[in-house]
2 protein chains.
Amino acid sequence: MTATIRDIAKAAGVSVATVSKVLNDYSTVSRATREKVLALVSEMQFRPNEAARSLVGRRSMTIGILLTSGLANPFFVHLLGGIDEALKERGYDLIYLAQLSAHPEYNFVHHCRSRNVEGVLAFGFQLGELDADKLVASGIPTLFIDLNLTGKRAGYISSDNKEAVQGTVRYLHELGHRRIACIAGLPGSYVGERRLAGYHEAMAELGLSPDPDCIVIGDFTQETGYRGMQRLLALPERPTAVVCGSDKAAIGALQAAREAGVAVPAELSIVGFDDIDEARVVYPPLTTVRQDMSTLGRRAVELLDGLIVEPDSPAPAVIVPTALAVRGTTGPPPRDG
Amino acid sequence: MTATIRDIAKAAGVSVATVSKVLNDYSTVSRATREKVLALVSEMQFRPNEAARSLVGRRSMTIGILLTSGLANPFFVHLLGGIDEALKERGYDLIYLAQLSAHPEYNFVHHCRSRNVEGVLAFGFQLGELDADKLVASGIPTLFIDLNLTGKRAGYISSDNKEAVQGTVRYLHELGHRRIACIAGLPGSYVGERRLAGYHEAMAELGLSPDPDCIVIGDFTQETGYRGMQRLLALPERPTAVVCGSDKAAIGALQAAREAGVAVPAELSIVGFDDIDEARVVYPPLTTVRQDMSTLGRRAVELLDGLIVEPDSPAPAVIVPTALAVRGTTGPPPRDG
DNA sequence: ATGAAAGCGCTAACAG
DNA sequence: CTGTTAGCGCTTTCAT
């Protein structure tokens with residue numbers, strides 16, 4: 001089978017304790033033995049068994065990932081790139097805890113414990129979700145992505161959603177737009193709420209009091225973007241611009257506009273959020289807020305590592321800046337608008 | 001801290017062995033004790049420590065996932081959806097092994113062993129990649145996705161790539177096309193090769209000997225699709241249809257055609273492969289081969305589970321059918337074509 | 001600087 | 001049907 005620490009000890013003519021010390025960088029071992037052991041380790045391709053290690057209370061070098069939406073979340077994939085890099089740098093492996101959330105007895109926290117996870121990346125939780133609080137209360141180091149929860153050993157990271165939308169509205173205002181509508185994302189989701197808040201604040205700042213009819217509530221999907229746009233187009237006084245809570249919604253809006261024979265951007269400007277791959281290939285290419293998903297993922301792991309390694313570190317609350325990618329769906333409002 | 005098996009034993013007034021037997025469904029335990037133990041387990045929210053379990057040689061209920069190139073892959077996310085479902089059904093957790101492939105001493109197999117992984121899902125390996133062979137040789141149950149490798153405890157699953165392209169070519173032929181070009185995927189990738197083989201076979205079947213200039217080699221990206229199309233459009237006798245090795249490539253091809261002022265599908269038909277989200281939103285919507293990624297992921301886990309549970313089961317080699325999604329980029333060739 | 005021994009939480013014979 | 005015991009591979013006192 002695979003080599004154990006005992007095999008190495010035997011081959012090196014030392015005790016297992018010594019090998020263990022070498023493996024864990026104890027300074028109390030002589031240069032000579034250290035080198036002999038290390039040579040054997042490399043030669044015999046030895047790698048300590050992580051289960052045994054974590055059992056004796058040492059670090060498991062395992063981070064758990066909790067995704068309430070399941071693995072198929074499209075953003076998770078983009079996050080993964082950044083997560084992956086940071087994981088490698090710090091030597092962690094990532095375990096996806098396939099939750100039986102449906103099962104009444106299922107418990108996140110115990111699942112984490114049974115896996116000796118050192119910390120948890122949590123993504124996809126909604127505002128006020130109970131399980132999120134339990135996680136915080138458990139004391140397991142937790143880093144939320146896109147949910148502003150903090151605690152003794154919990155913190156979060158997110159894009160600057162509010163500021164992003166404020167910037168978007170200001171940009172539209174500068175182009176000359178005054179009737180600016182909003183197709184908001186899912187209520188109850190942190191990012192949806194923040195984006196909507198950004199819309200409200202920017203409108204207020206600019207002295208534009210939005211018509212309540214100009215704000216439609218969606219859920220980030222193309223479907224609600226499509227229907228939302230239909231509603232807006234049916235208004236007696238049509239908006240000249242619409243900011244959407246997601247690219248998917250913006251794509252739905254674009255589709256509705258096309259079907260209604262409304263020219264984009266000549267008669268109507270549309271802005272999305274996320275900069276997913278589809279944003280570049282629709283026609284016209286979508287003006288949208290680009291989130292730096294890779295940085296989000298990478299920093300999430302780094303922050304979590306901090307929480308793990310420094311038990312008394314303060315709760316991180318990190319906001320990552322975004323950038324507006326101006327493409328083809330925005331322009332000045334029509335003359336008679 | 002968390003409850004251990006000893007706490008349960010104490011509370012139930014039995015030995016740890018008995019509790020263990022209950023936990024592992026031994027039939028030799030009385031109904032009464034079983035129930036008492038189970039009640040305590042649920043009440044104290046006990047969950048056995050997986051590290052301890054796997055250390056004693058029992059199952060670790062952990063599947064590893066190895067991705068050499070996978071993260072950036074646009075349909076990886078759909079694969080995950082299927083994987084997730086099957087994982088839950090069978091009770092596995094998934095550990096993503098963050099490989100230090102760059103490091104010379106890094107070794108996949110030992111990484112898997114150190115994590116007590118019961119089996120491995122391998123995705124993104126190229127034809128003839130050494131690490132893939134090592135994996136097979138190691139005897140660790142392995143299921144390759146999109147790579148036709150089998151072994152004592154290794155098998156694979158993939159879409160019916162060859163047949164899919166054959167069907168595509170036949171479909172174009174029926175529409176009246178004769179000059180059918182191909183923008184192939186990455187050489188050395190199993191799916192790229194299979195798709196190209198499908199093209200060749202179908203052309204031969206139909207008695208069409210393709211002009212070598214009509215076959216351009218790409219690497220699945222939009223970039224090579226774009227440049228490939230430019231090359232094809234520059235040909236003295238232009239093809240009337242082109243089958244692409246991926247949707248990304250097809251989207252690049254579409255872009256090149258648009259820029260060249262070539263009408264799709266009136267003057268040129270284009271077919272993609274994969275049916276990624278972008279396929280629906282480009283204009284015209286892309287005719288493409290739909291892979292059932294969700295089934296691919298789900299079956300992959302099921303097959304791997306088979307390999308794990310039945311050590312002597314034959315190597316699975318599963319091919320999943322595809323479907324042609326006819327949309328807006330295909331039509332009859334131009335009259336004078 | 002090194003080793004002997006205990007023990008992490010659990011399972012698997014083996015006795016009773 | 002139940003309990004005792006040994007031990008999985010490793011780390012960590014505590015002696016030496």
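The structure presented is a predicted model; accordingly, all values stated were derived computationally and were not measured. Chain identifiers are assigned alphabetically (A, B, ...) following the order of the sequence lines, protein sequences preceding nucleic acid strands; residue numbering begins at 1 within each chain.
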Selection: residues 42-50 of chain B, any non-hydrogen atom under 4.0 Å of DNA chain D: none
Members of residues 16-35 of chain A that approach DNA chain D, where some heavy atom sits under 4.0 Å away: A:Ala17, A:Ser20, A:Asn24, A:Tyr26
Heavy-atom pair with the smallest gap, counting every atom of A:Pro314 and A:Leu307: O-CD1, 4.3 Å
Partner residues of A:Tyr106 under the side-chain hydrogen bond (donor to acceptor under 3.5 Å, both in side chains) criterion, sequence neighbours left out: A:His111
Terminal axis angle for the helix from C:dA1-D:dT16 to C:dG16-D:dC1, five pairs an end, nearest 10 degrees: 40°
Only distances under 3.5 Å count here; give the side-chain donor-acceptor pairs of residues 296-304 of chain B to other protein atoms, sequence neighbours excluded, each with its distance to 0.1 Å.
unit_1, atom_1, unit_2, atom_2, d
B:Arg298, NE, B:Glu85, OE1, 3.1
B:Arg298, NH1, B:Glu302, OE2, 2.8
B:Arg298, NH2, B:Glu85, OE1, 2.8
B:Arg298, NH2, B:Glu89, OE2, 2.9
B:Arg299, NH1, B:Glu302, OE1, 3.1

Considering all heavy atoms, the nearest B:Ala12-B:Val37 contact: CB-CG2, 4.2 Å
Partners passing side-chain contact (heavy atoms from CB on, under 4.5 Å) against B:Leu38 (at least two apart in sequence or in another chain): B:Val22, B:Arg34
For B:Glu310, all residues meeting side-chain contact (heavy atoms from CB on, under 4.5 Å), sequence neighbours excluded: B:Ser313
Least distance between heavy atoms, A:Arg59 atom then A:Arg53 atom: O-CB, 4.4 Å
Interface limits on DNA chain D, where chain B has a heavy atom under 4.0 Å of a nucleotide atom: D:dC1 to D:dG9
Salt bridge (Lys or Arg N to Asp or Glu O under 4.0 Å) partners of residues 140-155 of chain A, not counting sequence neighbours, each pair once: A:Lys152-A:Asp312
Segment of DNA chain C, first to last nucleotide, that comes within the 4.0 Å heavy-atom reach of chain A: C:dA1 to C:dG9
Test side-chain hydrogen bond (donor to acceptor under 3.5 Å, both in side chains) applied to B:Thr4 - qualifying residues, sequence neighbours left out: none
Distance (rounded to the nearest 0.5 Å) between A:Ile8 CD1 and A:Phe46 CZ: 6.0 Å
Validation row, ring centre B:Phe108 to ring centre B:Phe125 under 6.0 Å: yes
Minimal non-hydrogen separation, B:Ala98 against A:Asp93, with atom names: N-OD1, 3.0 Å
Flag side-chain contact, heavy atom, 4.5 Å: B:Arg115 against A:Met61: yes
From CA spacing to verdict: side chain to side chain contact (heavy atoms under 4.5 Å, CB included), B:Phe220, B:Ser189: CA-CA 10 Å; B:Phe220 295 124; B:Ser189 89; 3.4 Å; yes
Contacts of type side-chain contact (heavy atoms from CB on, under 4.5 Å), residue B:Lys134, not counting sequence neighbours: B:Val109, B:Asp131
